[in-house]
Each structure stands twice: as C-alpha cells, then as structure tokens.
Amino acid sequence: MDKGNILDRFFPDKYDFYEMLTKQAEINAFGVEMLQKWLSSGSDEEKQKLLLYVKEADEGRMIMESKLIEAFTTPFDRADIYSFSITMDKIIKYTKSTLLAMETYEVATDDTITTMVDKLKQGMDFLSESINILKNNPINSQENIIKMRAVNTDIERLYREGMAIIFNTSDSMNAIKHREVYHYIKNASLNLEDTVDIFHRIVIRLI
C-alpha cells in the first residue's frame with residue numbers, strides 16, 4: 001500500500017486548501033474585473049470594490065498561511081501551496097497599483113491599457129476555472145495552462161507595442177506616466193505566469 005495513502009487514512013486533511021486556493025483565485029478574478037469596469041466608468045464604486053477584494057485576498061492568504069503551519073498533512077507540497085498563494089496575491093496587488101497610478105498620475109485610459117487588462121482578466125478566469133477542478137480532476141485542470149501562458153505572451157507584446165506608440169509622441173512626461181501604468185499590468189501578468197508554473201508543477205505531482 002502506498003505510504004501516502006496510509007498517512008491520509010490515519011491523519012486526514014484538517015483544512016481544505018483546495019477551497020482556500022479556489023477562493024483566492026476567485027477574489028483575484030473579481031479584482032481584475034473591477035479594474036476592467038473602472039477603466040470604462042471611472043466610478044468610485046468599482047475602485048472601492050477592488051480595494052475590498054485586495055483586503056479580502058490578504059486576509060485569506062494570511063489565514064491559509066496559519067493553517068499551513070497547523071496542518072499535519074496537506075493535499076500536496078505545502079511549499080507549493082505557500083508559493084502559489086504568494087504569487088497569486090501579487091496579481092491583485094499590481095491590479096490595485098494600476099488603478100492608483102492612473103489616478104495619481106492622471107493617466108487616461110487608452111487601447112493598450114484596456115486590452116492588457118482584458119487579457120489579464122481572461123488569464124485570471126482560466127486560472128480560477130483550473131483551480132476549481134484541481135481536486136477532483138487534476139488531469140483536466142491543466143487544459144488551460146497553454147492558454148494562460150499565451151495571455152502573458154500577448155500582454156508582453158501589447159506592452160512593447162504600447163511603449164513604441166507613446167515614445168513616438170512629443171510629450172515625454174505623458175509617455176513616462178503611461179509607461180508606469182503599463183508596467184504594473186505587465187508585472188501582474190508576470191506573476192500570473194509564475195503562478196501558472198507552480199500550478200503546473202502541482203498538477204504533475206498529483207497526476
């Protein structure tokens with residue numbers, strides 16, 4: 001009999017880490033969606049909802065970290081759970097930074113920002129969907145991995161194209177401000193890519 005099965009029988013999981021990660025992914029997706037809506041409306045309601053999701057994500061991550069310390073067993077490597085949660089949390093942090101930077105620097109929404117955020121939302125939806133079925137169907141949960149990695153490739157391309165456009169204008173200060181905003185979205189995408197790499201490692205070990 002497999003040693004892991006013996007441990008699972010005598011020391012069953014006390015906490016549902018699958019559920020915790022699923023909830024965190026959903027909150028991240030909601031946060032990006034609020035930024036997406038805010039770009040169109042400029043509404044303070046969407047801003048406050050995003051800030052609330054950031055707070056919820058932080059609280060959920062800290063609770064999960066405490067449960068990792070308490071748990072005798074975890075459904076997969078606890079270091080992977082920790083790293084997965086940390087990198088995912090950075091996505092919503094950079095989402096928040098994007099909105100605040102646009103407000104602070106008075107940067108108007110442009111096609112590059114809109115399209116990059118749309119892509120980021122698409123990637124977060126793929127991630128949330130994949131984590132949701134990880135526990136019961138780890139093989140199928142990896143089907144979105146290629147799509148999520150393609151999202152990062154697309155955002156990298158949009159970043160370069162956007163930079164080329166703004167640096168071909170005569171307003172250098174405006175270009176610098178836009179570059180800051182573009183960079184926050186790009187950083188969110190890079191952390192999505194890191195999260196996907198950890199997720200893939202988890203799937204491979206589960207299978």
Side-chain angles (χ1 to χ4, degrees), residues 24-62 82-128 144 147-199:
Q24 187 178 358
E26 289 175 351
I27 292 172
N28 268 260
F30 290 150
V32 177
E33 183 180 7
M34 287 307 106
L35 175 60
Q36 198 178 35
K37 290 181 176 180
W38 180 84
L39 292 175
S40 300
S41 68
S43 168
D44 188 62
E45 180 181 356
E46 271 84 36
K47 174 186 174 181
Q48 295 306 320
K49 284 183 179 179
L50 170 54
L51 296 178
L52 180 61
Y53 285 135
V54 173
K55 182 180 179 182
E56 287 183 10
D58 277 342
E59 291 173 350
R61 178 179 57 80
M62 288 187 288
Y82 176 79
S83 299
F84 189 72
S85 178
I86 289 293
T87 54
M88 187 161 41
D89 190 57
K90 291 178 181 178
I91 298 170
I92 199 168
K93 288 291 201 316
Y94 280 118
T95 300
K96 168 187 151 185
S97 295
T98 300
L99 188 153
L100 296 180
M102 290 182 70
E103 277 195 334
T104 303
Y105 305 143
E106 298 181 342
V107 173
T109 304
D110 61 17
D111 289 342
T112 299
I113 295 172
T114 300
T115 311
M116 288 175 76
V117 172
D118 287 346
K119 285 289 181 181
L120 183 63
K121 175 60 166 57
Q122 186 180 64
M124 285 310 307
D125 286 343
F126 287 141
L127 181 63
S128 182
N144 285 330
K147 296 176 184 177
M148 288 186 279
R149 286 178 173 155
V151 164
N152 182 66
T153 300
D154 288 342
I155 290 177
E156 288 274 359
R157 173 182 54 78
L158 291 164
Y159 174 81
R160 290 192 302 271
E161 292 174 354
M163 293 291 289
I165 292 171
I166 61 173
F167 280 120
N168 276 328
T169 65
S170 58
D171 191 342
S172 57
M173 184 56 66
N174 184 61
I176 292 172
K177 291 178 180 179
H178 274 75
R179 185 263 179 195
E180 286 294 302
V181 174
Y182 294 170
H183 204 68
Y184 281 129
I185 306 171
K186 179 185 173 186
N187 282 341
S189 176
L190 289 172
N191 277 281
L192 172 60
E193 184 179 39
D194 289 342
T195 305
V196 172
D197 287 341
I198 298 168
F199 176 76

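Note that the numbering runs from 1 along the sequence shown for the chain. Computed from a predicted model, the values in this text were never measured in an experiment.
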Checking the side chain of [X] only, and the main-chain atoms of [Y] only, is there a donor and an acceptor separated by less than 3.5 Å?
X: T169; Y: I165; answer: no
X: N28; Y: Q24; answer: yes
X: T95; Y: I91; answer: yes
X: N152; Y: M148; answer: no

With sequence neighbours left out, what residues match [X] under side chain to side chain contact (heavy atoms under 4.5 Å, CB included)?
X: D110; answer: T112, I113, H178, Y182
X: S41; answer: S43, E46
X: A175; answer: I166, F167
X: E59; answer: K55

| request: Show your working on side chain to side chain contact (heavy atoms under 4.5 Å, CB included) between L158 and E161 and close with a plain yes or no. | output: CA-CA 5 Å; L158 291 164; E161 292 174 354; 4.2 Å; yes

What I'd like to find out is whether the side chain of [X] reaches to under 4.5 Å of the side chain of [Y], using heavy atoms alone.
X: L120; Y: Q36; value: no
X: N187; Y: K90; value: no
X: E103; Y: K47; value: yes
X: E156; Y: L190; value: yes

| All pairs passing ring pair (Phe, Tyr, Trp, His ring centres under 6.0 Å) where residues 37-62 contributes a residue, at least two apart | F30-Y53

Taking atom [atom1] as the centre, does [X] end up with more than 12 heavy-atom neighbours from other residues, nucleotides or ligands that are less than 6.0 angstrom away?
X: D58; atom1: CG; answer: yes
X: Y82; atom1: OH; answer: no
X: K93; atom1: NZ; answer: yes

| query | Between M102 and L99, does a side chain to side chain contact (heavy atoms under 4.5 Å, CB included) hold up when you go through it step by step? | reply | CA-CA 5 Å; M102 290 182 70; L99 188 153; 5.9 Å; no

Between atom [atom1] of [X] and atom [atom2] of [Y], what is the distance when rounded to the nearest 0.5 Å?
X: L39; Y: T109; atom1: CG; atom2: OG1; result: 4.5 Å
X: M88; Y: L192; atom1: CE; atom2: CG; result: 10.0 Å
X: R61; Y: I86; atom1: CZ; atom2: CD1; result: 4.5 Å
X: H183; Y: T98; atom1: NE2; atom2: OG1; result: 11.0 Å
X: I27; Y: I92; atom1: CD1; atom2: CD1; result: 7.0 Å
X: E56; Y: E26; atom1: CD; atom2: CD; result: 11.0 Å

Mind listing the closest non-hydrogen atom pair of [X] and [Y] along with its distance?
X: N191; Y: T195; answer: O-OG1, 2.7 Å
X: K96; Y: L50; answer: CA-CD2, 4.0 Å
X: K121; Y: E33; answer: CE-CB, 3.4 Å
X: S128; Y: A25; answer: CA-CB, 3.9 Å
X: F126; Y: N144; answer: O-ND2, 3.5 Å

| message | Strictly by salt bridge (Lys or Arg N to Asp or Glu O under 4.0 Å), give each pair with a member in residues 164-180 just once, sequence neighbours left out. | response | none

| task | Carefully, step by step, assess M34 and L52 under the rule side chain to side chain contact (heavy atoms under 4.5 Å, CB included). | result | CA-CA 10 Å; M34 287 307 106; L52 180 61; over 6 Å; no

